[in-house]
Structure formats: structure tokens, C-alpha cells
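Lettering follows sequence order; numbering is per chain, from 1. Computation of the quantities below employed the complete heavy-atom set of this structure, encompassing side-chain atoms and omitting hydrogens, waters and symmetry-equivalent molecules.
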Number of protein chains: 2
Amino acid sequence: MWIMKGTRNMPRTGEAGAPGVDPEQLWLGSTRPRRGRKPAYSREAITAAAVALADAEGLEAVTIRRVAAEVGAGAMSLYSYAPDKETLLELMVDHVTGELPAEHTPGGDWRAELKAIAHLQRAHMLRHPWLPAALAGRRTPGPNTLAFLERALAALRPSGLDGAAKLEVFAQLTAFVAGHVTHEIAGAAALRSPDRLAAEARYLAAVAADGHHPELAEVLTAPGRPLTPEATFTRFLNRLIDGLDTE
Amino acid sequence: MWIMKGTRNMPRTGEAGAPGVDPEQLWLGSTRPRRGRKPAYSREAITAAAVALADAEGLEAVTIRRVAAEVGAGAMSLYSYAPDKETLLELMVDHVTGELPAEHTPGGDWRAELKAIAHLQRAHMLRHPWLPAALAGRRTPGPNTLAFLERALAALRPSGLDGAAKLEVFAQLTAFVAGHVTHEIAGAAALRSPDRLAAEARYLAAVAADGHHPELAEVLTAPGRPLTPEATFTRFLNRLIDGLDTE
DNA sequence: GCTATTCTCGTACATCGTACGGATAAAGAG
DNA sequence: CTCTTTATCCGTACGATGTACGAGAATAGC
């Protein structure tokens, strides 16, 4: 089913002029062959197991061996369903993107619809905290991602932006949400560990006390009202979208 | 010098309630001990070698063994200078951040100064393409990062935002730039490989031809003027910053 | 049945982060 | 000076990872 790629002894071309994942092979190929042994597992089941693992224990728990064990297969069997681990990540990303509602309801304010899309993405990424990292720099949207893109493009129709601009808005928006959520998750993780939080606070206090960081010192002594991530997100998102126009 | 951390046989607590790097140990500790053998290398040199390696061959080329070889040390010697690889990444991030000018020139438009800061960050990340990935979710700013933060806070002084809000603006801005640059770099890498670009184009064309993606089809047939990453960045950045106020 | 095809998965290997512990060097104590 | 204490250096070794290889098992067409 797959031609294995073989990265092990590759000449290391410096900074990876590398192919990444071939979207044609992955998403467009090919029907079940009519001969040979029947597959014992399925891409669907393997992907779902990998996602469950990432949700429960983080991306670094997603190893070929762990995922294979989870579906009851031998490690090497996974390679009949995906040519390498990169591709498995690709499958995971598109799999969870299928959870997002992709129907566009026409009419109404397109800016509001765009904001709703971004809020959906944020909630989604918070539900799958590994997603921002797995998403980074990906350029070969699978079917679910394309369906969601379709919705975003439909929402952008009344904006009067041209094609390239609409694509760019979606990409930038997604990148923005991913960046925010990455930061938000790190903050939440710190909050969950009192020791760590205290160490951070002591560190910043020590720096502020050295006299070379007057602005930081002031910020720490007069923090003002604490901000919820939700509020911060909404605020910046509104800035971003309310300013969009066709100029 | 370091107490080694030992992650190998850790019980796997599910989603890492883990400590990350302790900023007090790392940035505030400690003067040269008065006894014992003199260090043959330096944290500075090791960090610089790691950065050079990442610049030339990407983050995944930065292995303990490679970095050690680069400075002429045995692999295990690096652990006298940093307790683990995570910490080495921390050192790398702060090291390159030292390239950014941290002096604040008072007076003038604070929004313009903030925009200038973001443009500096973008250029910086393009020069060190591994930086966005290495930066993700980091919460323990080193001295150079703190100096740059100090500049940003000084720039934000006339904005009237309170302490927490100023910190949040800086964090969000950095996350935004990192997100953008990650996307920009992926695009540039694709452009460098004509085969891959052609495969992506064929794939999208095939999807657009299936009749289920009318918006995508239209976008591909009427793309409009192509956008430079520079222009896109400036546009979104201006949206973000011009909307900032104290409301 | 025979053969071509396809999937399964045990074994093996290079490479990674890093624990362990002996060798080596520097400084204080006597 | 010798002796002890302490830091650093690093060879060796271990567990884990991605995945190449190829022998066996299952299926379909002849």
C-alpha cells in the first residue's frame, strides 16, 4: 500500500528541503486492492487510538509502539496504514478537525461568523492541547480541514476580499488562535503546579529587585485587575477581525 | 553543579504536571565554586554552538552529542553546564534574544514603537527559523528576554494599560508573530521545492473539481493579487495594535 | 491447488537522552 | 609537601524511539 520513505540514511541536506507529506498519496489514493490478505485494523481506528492517547497523555506519548499496542497490533503493522509517523500526525489533525461543525449558515454579519469560527477553534484546541503543536506549519489539509476551510471561505464571501486574501485570513486566524492557546495552556499548566508558580514569582521578584528592571518592578507591584484568558482572547480577536476590510 | 533530574523512569503522571525548567536555579544561581577542577568549556560557548547548529541544520540537528562534538567535548560533559536538553533550549532562546536591541527611545508614538518591536521579532525569527518552535509555551524568560520585555513595557507606558494587560499584550504579540512566522516559513519551504508545490496545487485542484467545495474552487480560479508575507504580516499587525486601548 | 498479491509482525539497527562511576584536576587543611 | 574534598570530564551502558528487512499468513483469481 505504501512505498516506505527511508529517512534513516538520508544525506542531511541542511534545513530540510524535505517533501513533508504528499497530500495526493495520502488523501486521494486509493481503493482497496482486490487481492491479498484483508487488513485487520483500519486507519480510522488507528488514528482514533492515537488521538485518545495524545488527549490523555500528551503528544510525546504517541509512539508507534504505544499506538499499535492500543489497537492490539504489532508495531510494524501501523506502517501498512501510514508510511511514517509524520503522516500519522497528519491523520490525527484531520481526524479531530472533523469534530468542528462545518456547516455555514448564510446571512448575518460575516465578522461575527468569523469570530464564532475562531472561538470554536480555541475551544477545540483546549480540548486537544496537543493540536497547536501538531498543526504548526502544516500545509496539506485533509478532508475535514477542507470542509472547515470551506465554511470559513463561505463566511468571508460578503467581505469582498479576493481569493488569496481569504485564504490568508483563514491561515492567519488559525495561527493566531494556535499561538494564543499555546500560551494559555502553558499558563494553565503553571497554575496547576503551586511549587512552580511560586518559583516563577520568586524569580521575577528577584529580577525586579535588582534595579535594572524598573518597568517590570512597576508591573509586579501594580498588576491591576487579573485577566482571564477568555477575555484576553476575545479582545485581541475582535481587534483583528473588526479591522478587516478590502482597502 | 547540577542535580540531574532523571526523567527516564518517571511514573508518567498523565499530561505532565511537570516542573519544566526552574528559573531560579538556571538564571540566578550561582558563582564558581572555589574547589574542584576548572571547567574546560563554557555555557556561553556551548549555547553558541547549539544555536549555530540549529541555524544551519534545524532544531532536530541539535542533539547533545552533536553539540558536544562541535565544542570538542565528550557528550556527557554538557551536563555540567545544563541539567538537561530542555534547559539547553532555554539557553538557546535567551542567547539569540540577546541579538535584539533592548534600548527604548522614549517619546513618539507608542503604537509605532510596538509595531517596530513586532517587526524586529519577525525578522529575528526568520533569521532563526527554529525559534518559534523553541519558544512555544516558554514561561521563564532569561536575562536577554527580560531586557527586551523591559523595552516593550517601557514602550507601553503611555498606553495607560495596567500591569497585567501590558504583560498580556507582549505575550500575545510574541505569540502572534511566532504563529505568523511558522506559517511563513512553511510557505517558503514549499516554494523552494517545485515538486512539492506542484503536488499541493494538483491536490487542491482535484478537491476543487469534486463539486463539494465551491468556495475553494472559486478561490483557486480567482485568486486575485498574490500577497507577500511581509504585506500580510504588516496588515494583521496593524489591525492588532491600532485597536489597542484602555477601555 | 497454484500463484500472485497484500497484510502481519518478530527481529535488528542507528540514534537519542541520560544514569552511573572511575579518572582527573584544582584548592584547602594538615 | 601530602591528604582530603570537591568539580569536572567522559567512556560505557541502558531504555526508548523510528523504521528497514524479510519470513510467514491470508486472500483472490487462475
Exercise. Just checking B:A73: base, sugar-phosphate only, or nothing, at a heavy-atom cut-off of under 4.0 Å?
Worked result: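 Sugar-phosphate, backbone atoms only, no base.
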
Exercise. Which listed nucleotide (C:dT18, D:dT17, D:dC9) is nearest to the side chain of B:A40?
Worked result: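 Closest nucleotide among those given: D:dC9.
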
For this session: Report the nucleotide, chosen from D:dT19, D:dT8, D:dG11, that has the shortest atom-to-atom distance to any side-chain atom of B:M76.
Result: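 Looking only at heavy atoms from C-beta outward on B:M76, the closest nucleotide is D:dG11.
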
Problem set entry | Nucleic acid footprint by protein, nucleotides 23-30 of chain C - heavy-atom cut-off 4.0 Å, B for base, S for sugar-phosphate alone | -BBBBS--

Short side-chain N/O contact to [N] OP1/OP2 from [X], under 4.0 Å:
| X | N | result |
| --- | --- | --- |
| A:Y81 | C:dT6 | no |
| B:S77 | D:dT8 | no |
| B:Y41 | D:dC10 | yes |

Whole angstrom is fine here: how far is it from [atom1] in [X] over to [atom2] in [N]?
| X | N | atom1 | atom2 | answer |
| --- | --- | --- | --- | --- |
| B:K85 | C:dA19 | NZ | P | 15 Å |
| B:I46 | D:dT8 | CD1 | C1' | 12 Å |
| A:D84 | D:dT17 | CG | P | 17 Å |
| B:I64 | D:dG11 | CD1 | C1' | 16 Å |
| A:R43 | C:dC7 | CZ | P | 11 Å |
| A:E60 | D:dA16 | CD | C1' | 13 Å |
| A:Y79 | D:dT19 | OH | C1' | 4 Å |

So, [X] side chain and [Y] main chain: donor-acceptor pair closer than 3.5 Å or not?
| X | Y | answer |
| --- | --- | --- |
| A:Y81 | A:T47 | no |
| A:E99 | A:H124 | no |
| B:T182 | B:A178 | yes |

Problem set entry | Pairing residues for B:R151 by the side chain to side chain donor-acceptor pair (under 3.5 Å) criterion, not counting sequence neighbours |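 Result, side chain to side chain donor-acceptor pair (under 3.5 Å) vs B:R151: B:E113.
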
For this session: Would you please name every residue forming a side chain to side chain donor-acceptor pair (under 3.5 Å) with A:E24, sequence neighbours left out?
Result: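 Counting only residues at least two positions away or on another chain, A:E24 forms a side chain to side chain donor-acceptor pair (under 3.5 Å) with B:R202.
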
Problem set entry | Nearest-nucleotide 5' precedence on DNA chain D, A:R65 against B:P39 |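 Looking at DNA chain D, the more 5' nearest nucleotide goes with B:P39.
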
Exercise. Can you check whether B:V181 reaches B:F233 side chain to side chain, under 4.5 Å on heavy atoms?
Worked result: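 Sidechains of B:F233 and B:V181: no contact.
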
For this session: Would you please say whether a donor-acceptor pair under 3.5 Å links the side chains of B:D94 and B:T97?
Result: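 The criterion, which ignores hydrogens and geometry beyond distance, is not satisfied for B:T97 and B:D94.
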
